[in-house]
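Comments concern the structure below.
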Amino acid sequence: MFERENYPIFNKGNLVKIATSHSLRCDSKQFEQRFDELNSFLEEEDFFYLGELLPNPIIKGSQPKYIEGSEGIPVINTLTIQKMEINIENCRYISEEDFYNLSDNRKVKENDVLLTMDGGTSIGKPVLFELNGDYTVDSHVAILRPHGISPKALVYLLASPAGQLQFQKAESGASGQTSVTEEDLRRFRFPSKMLDKIDDIVNALDKKRLQITRIKNRLNKRENKIWEEFTINALKGDY
């Protein structure tokens, strides 16, 4: 479902279809079948716009003045956010003075949703902030503070295939420098009926993801053991 077609892709568009889009974009990507399938799916049921859950303006970080070392305040960037997790080791740092001079809304708070908004393949990576201590974000990462939905549920919606497809359709700009605007993000659509049971859906998905993580850990241990055996046999010449 919603799979990308193999290249070369030949699509036909028309001015009527372009006129129904708020962006009025006519690049070939707008007419890919996977986006049409998503639109058809959403229009079969009632849907809501993501902007309805974001009553306040989206906050983006400033361009930091980094310092050497890790004695200051960590800055979360696009490299830091991977697979719905924050890898602190990829953070760079600013001075404590620069951090305390930031406006309060640029200081990351518990249960904030962090989202990468530009940078080519880095677009559309969400994560729930649950760390202790002081943090901020750089200019490529947005802070979302939703109402009417739990922050974790918002992360899962953005990370879902439906969310990622909308990021791919909305991104614009030169290769490697593409971005998604706040206006685009607010126009993302999801089925309304999801909101009634979204927390139950998220809890069920959490359990499945935990099971998958445990399986992956077991497989990694098995693979490491195989490599260890290979190394020992190779050193002993025991083939």
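As the structure is a computational prediction, the values presented were derived from the model and not from experiment.
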Partner set under side-chain hydrogen bond (donor to acceptor under 3.5 Å, both in side chains) for Ser70, not counting sequence neighbours: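 By the side-chain hydrogen bond (donor to acceptor under 3.5 Å, both in side chains) rule, Ser70 matches no residue at all.
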side-chain hydrogen bond (donor to acceptor under 3.5 Å, both in side chains) against Asp138, all qualifying residues, sequence neighbours excluded: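 Testing Asp138 for side-chain hydrogen bond (donor to acceptor under 3.5 Å, both in side chains), a comparison that skips the adjacent residues, returns none.
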Atom [atom1] of [X] and atom [atom2] of [Y]: how far apart are they, to the nearest 0.5 Å?
X	Y	atom1	atom2	result
Glu223	Ile226	CD	CD1	7.0 Å
Leu144	Leu185	CG	CG	6.0 Å
Glu183	Arg187	CD	CZ	5.0 Å
Leu114	Asn77	CG	CG	11.0 Å
Asn220	Asn217	CG	CG	6.0 Å
Glu45	Lys193	CD	NZ	4.0 Å

When you measure from the side chain of [X] to the backbone N and O of [Y], does any donor-acceptor pair fall under 3.5 Å?
X	Y	answer
Arg186	Thr181	no
Lys125	Gln82	no
Gln164	Leu158	yes

same_hphob_cluster([X], [Y]) at 4.5 Å side-chain heavy-atom cutoff:
X	Y	answer
Val108	Leu102	no
Ile73	Leu79	no
Val137	Ile88	yes
Ile198	Tyr156	yes
Leu50	Met84	yes

Within the structure provided, determine whether [X] and [Y] are in side-chain contact (heavy-atom separation under 4.5 Å).
X	Y	result
Asp118	Val180	no
Ile67	Ile94	no
Asp206	Lys152	yes
Thr116	His140	no
Ser160	Phe190	yes
Lys225	Phe230	no
Met194	Pro191	yes
Leu157	Ile149	yes

Report, as yes or no, whether the 6.0 Å neighbourhood of atom [atom1] on [X] holds more than 12 heavy atoms from other residues, nucleotides or ligands.
X	atom1	result
Glu229	CD	yes
Glu97	CD	no
Asp196	CG	yes
Glu71	CD	no
Lys109	NZ	yes

Quick one: name the residues clustered hydrophobically with Tyr49, using the 4.5 Å side-chain heavy-atom rule over I, L, V, M, F, W, Y, and just say none if it's on its own.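 Other cluster members: Phe47.
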Closest heavy-atom pair and its distance - [X], [Y]:
X	Y	result
Pro126	Val155	CG-O, 3.6 Å
Pro64	Tyr66	CG-OH, 3.4 Å
Pro74	Asp134	CD-O, 3.4 Å

Can you find a side-chain donor-acceptor pair between Arg145 and Asn111 that sits under 3.5 Å?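 Looking only at side-chain atoms, Asn111 and Arg145 do not form any donor-acceptor pair under 3.5 Å.
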Does a donor on one side chain sit under 3.5 Å from an acceptor on the other, for Asp199 and Ser150?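 Per modelled atom types, Asp199 and Ser150 side chains form a pair under 3.5 Å.
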Is a salt bridge present between Glu182 and Lys60, judged by a nitrogen-to-oxygen distance below 4.0 Å?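 No, this pair does not count.
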Within 45° cone of Phe99 ring axis and under 6.0 Å: Lys107 NZ or CZ: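 Checked: cation-pi criterion met.
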Ring centres of Phe129 and Tyr135 under 6.0 Å apart?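 When the ring centroids of Phe129 and Tyr135 are compared, they turn out to be within the sub-6.0 Å range.
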